Number of protein chains: 2
Amino acid sequence: MNPTIKDVAKHANVSIATVSRIVNGLPGYSEETKKKVQQSIEALGYQPNAIARGLINKRTQTIGVLFPEVSGMLSSEVLEGVENAAHDGGFSVIVCNTTSSGKRTVKYLRLLQEKRVDGIIFASEDVKEEYYKIFEEMQVPVVLVSTASTHYNLPFVRVNDYEGAFKATEYLIQRGHTQIGMIGGSHHDPIAGVPRMQGFQEALQKHGLPFSENHVTTNEGYRFQNGKESLPLLLKKLPNMTALFAASDEMAIGAMSAAHQLGIKVPEELSIIGYDNLKIAEMCYPALTTVSQPLKDMGQTAGEILVNLIKGEQKEAESRYMPFTIIERQSVSALNDK
Amino acid sequence: MNPTIKDVAKHANVSIATVSRIVNGLPGYSEETKKKVQQSIEALGYQPNAIARGLINKRTQTIGVLFPEVSGMLSSEVLEGVENAAHDGGFSVIVCNTTSSGKRTVKYLRLLQEKRVDGIIFASEDVKEEYYKIFEEMQVPVVLVSTASTHYNLPFVRVNDYEGAFKATEYLIQRGHTQIGMIGGSHHDPIAGVPRMQGFQEALQKHGLPFSENHVTTNEGYRFQNGKESLPLLLKKLPNMTALFAASDEMAIGAMSAAHQLGIKVPEELSIIGYDNLKIAEMCYPALTTVSQPLKDMGQTAGEILVNLIKGEQKEAESRYMPFTIIERQSVSALNDK
DNA sequence: GAGAAATACGTAAACGTTTACGTAAAGCGA
DNA sequence: TCGCTTTACGTAAACGTTTACGTATTTCTC
C-alpha cells in the first residue's frame, strides 16, 4: 500500500510528530532533520492521507455542488467557474445531479453530509424547507447561484432578472418595435419565471405600449422545444408582432427555428432577443442578440464566496448581483433609422 | 457537533460495536436491541461519518473524473452519464478540469491520490507517460472515455472514429455527391484527428473518388471558429464542392454559419454532415445531419465499468466500442433521386 | 441434564493523521 | 556557573469508525 507517515518516520529515524510538523510547515525542527525527512519522503513517495487528515481536522477540503441538470449548458458553464474557484482555494468539488427531483436532492444532501463536505453550492432551484433544514443540520456554509431563496436568508450570486428583462424589452422598443411578444417561463417559478415577465411588462408600460395576456406565452421549461412550440401560439395571439423577447436562449433559438420553418425572416420580419448568452447564441444563424449572464463568473464568484466563508474570513456573506449586458448580434433589426 | 456512534451507543445503552453492526446490517443482535438502537439513531439524527469509515475501510466511495474542459458540451453530456452510473453504484464524483494542461492534470491526479479516490475516469485526452505512472502508483482502476491510449493498455469506452467518418462520408456519396470536402482536426491528434481523416479518405477511395490534400483542412481545435474559418479555405481549394464532412458538430455549425454569410444555401448548394450529435445539432437551422456519439451512454458505461472494477466484480475490464448512428436531419440534400 | 454449538453482545486494537504535553539538551544573561 | 528560556524533538491521546476476539448466556442434541 501507500507509505504512511510511520514509514517515513522509521526511514528517517525520527518520530511521526516531527514528520507531521515538517509536512505541515509547523516550527520545531532543525534544518538538518528537515532535509533528512524530505529525502525519506521523496524516497518512499509519501503522500499524506487526506482522509486521516480530514478525520482529525474536521475539514475535508471538499465542497458539494448541486445542479438540476449537469449537462445543461447553463449548469456546465457555472460549474466550470465553481470548480475553478474551488481549486484555487484548495478545495475539490463533488457534483450532484438532482434532476430537479426533490427526493434525489435530499438523498444527495444526506450523502454530502455523510461525506462531511465543508460547504455547498446550490444552483438553479428553489430552496425547499426540507433542504433548508438539512443545511442547518449540516452547519456548513451554503451559497446559491443563479437562484435565490424566497423564504430563507441565504447568500446568492445572480443577475437581476427583472432588470435584465426590462432592458431587453427596452432594447427592442428603442429600435422602433411596438408589437412585442414574449416567450416566458412559468408563473410558478419565482426565480426566472415571474421577474422576467414583470420586467417585460413594465418596460412596455413605461413606454406607453399596450400589454395583455396576448403578449406572452408561458412554458413549464426553458428548452428549445418550448420556444419552438410557443412561436406559432404567440403569432396567433399577436399577429402583427415584429419583435420577440424569449426568457432563455434555448427558447429564442427554438422560436428562430420555428420562424425559419414558417418562412418568417429573422431579423427582417421578426426580431428576436434571448436571455443567457449560452455558447450556442453565437453559433446559430443569425447570431442571437441576447442578455448575457456571466455564467462562468457567477460560478467563480459563488465558489470564492463559499471558500471565504469556509475559511472563516467572512462571517456573514453578502449576496451579489452580477452585471448583465446586452450582446448585440444579428437577430434584431431596427424599424426606425435609430 | 454531529452525534457520533458513541452518542448513539450511550443513548441506547449498548456498545458501539453493536451500533455499528446494526448500521451495517451485520448479524449479531436481537430484534429488541435493534429497535432500541434505531430509535436512538432517529432521536439523535445520527449520520455515520464517511471519513472515519473511509479511513478504516480504505474505500472512499468516491471516484475522480478528469476532463479537459468541463463546460464543453461534449464533456458535460459524458459527465452526466458518469455521475449517474456512479450514483447508482453508491459513489460520488469529484470533477477536475484539466484545461488540457499537463501540469494541471498531474496536480489533480496527485490530489485525487491524496483524497484516496477509488477509481478514475479519464476523458478526451491522450494518456502521457507521466499520468500512467501515477495511475500505477495509485493502484486504482482507470477507465478512459472518448479517448484511447496508444501506448498503454487501459480499458476505454468510445466509438470507432474511423468507421464513423467512413460511414458519414459514404452517406454523402450515396446521395450523389462526388466533390466532397472535409474539415478535420489535427494530424497530431491520434484519437479524433487521424482516424476521422482516414475514414474520410478511404471512403472516397473505396468509391473511386479522387482524394488529395485539397479535400481537407486541418485544425488545431474542433470549435465553431475553426469550422467557420475553414470553409472559405476549403472552398478555395475545392471550388466545386457540394458536400462537406466536419469532424465535429461545432465545426459543422461554424461552416454553416460561414456558408450563410457567403450566401451559400445549406443544403441546396452545400450539404453538411457533422460529428458528435451535440444538443446544438438539432437547434441550428437547418438542423444538422450528423454522426451521433451516444455521449451520455458512453459516460454511463464508463462509470459502470469503473464501478464493477472497483467492486472487484470484474478483474480485467474489456474495452467497449459504442455504436454510432447517423442522425438524418436537414443539412444534407441528395443530388440523385435516391 | 451435560456438553456442544449458536447467539448476543462487549472490549480493544487498528486505520493515518494532528497536536497537547513532556523532556532533554542547548543557548544565554549576569 | 547557575538558573532560565528556547529549541528540538518524542509520547500518547484523539478523531469516528470497523472488526477480531473474548465471554456470558441461551439453545440444541442425545
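Chain naming here is simple, since letters A, B, ... match the order of the sequence lines and numbering starts at 1 in each. What you see is a predicted model, and the numbers here were worked out from it, not measured in a lab.
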When we call it a touch if two heavy atoms are under 4.0 Å apart, what does [X] touch: a base, just sugar-phosphate, or nothing?
X	answer
Ser20(B)	base
Glu114(A)	nothing
Pro27(B)	nothing
Glu31(A)	nothing
Ile51(A)	nothing

Lys34(B) or Ala52(B), whichever maps to the more 5' nucleotide of DNA chain C: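 With Lys34(B) and Ala52(B) compared, the 5'-side residue is Lys34(B).
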Given DNA chain C, 5'-ward residue of the pair Thr18(B) and Ala17(A), judged by closest heavy atom: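 Checking each residue's closest nucleotide, the 5'-ward one belongs to Thr18(B).
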Rounded to the nearest 0.5 Å, what separates atom [atom1] in [X] from atom [atom2] in [Y]?
X	Y	atom1	atom2	result
Tyr152(B)	Asp126(B)	OH	CG	9.0 Å
Ile94(A)	Leu66(A)	CD1	CG	10.5 Å
Leu55(B)	Asn49(B)	CG	CG	10.0 Å

If you pin Ile16(A) and Tyr29(A) to their nearest nucleotides in DNA chain D, which one's is more 5'?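 Checking each residue's closest nucleotide, the 5'-ward one belongs to Tyr29(A).
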Salt bridge flag under 4.0 Å for residues Glu83(B) and Lys296(B):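 Looking at Lys296(B) together with Glu83(B), the answer is no, because their closest N to O distance does not fall below 4.0 Å.
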N-O pairing of Glu318(A) and Arg320(A) below 4.0 Å: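 Judged by the 4.0 Å cut-off on N to carboxylate O distance, Glu318(A) and Arg320(A) do form a salt bridge.
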Is the ring pair Phe135(A)/Phe122(A) parallel, tilted or perpendicular, if the boundaries are 30 and 60 degrees?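 Correct class here is perpendicular.
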Contact interval (first through last nucleotide) of DNA chain C with protein chain A, 4.0 Å heavy-atom: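 First-to-last contact on DNA chain C, by the 4.0 Å heavy-atom rule, is dG16(C) to dT19(C).
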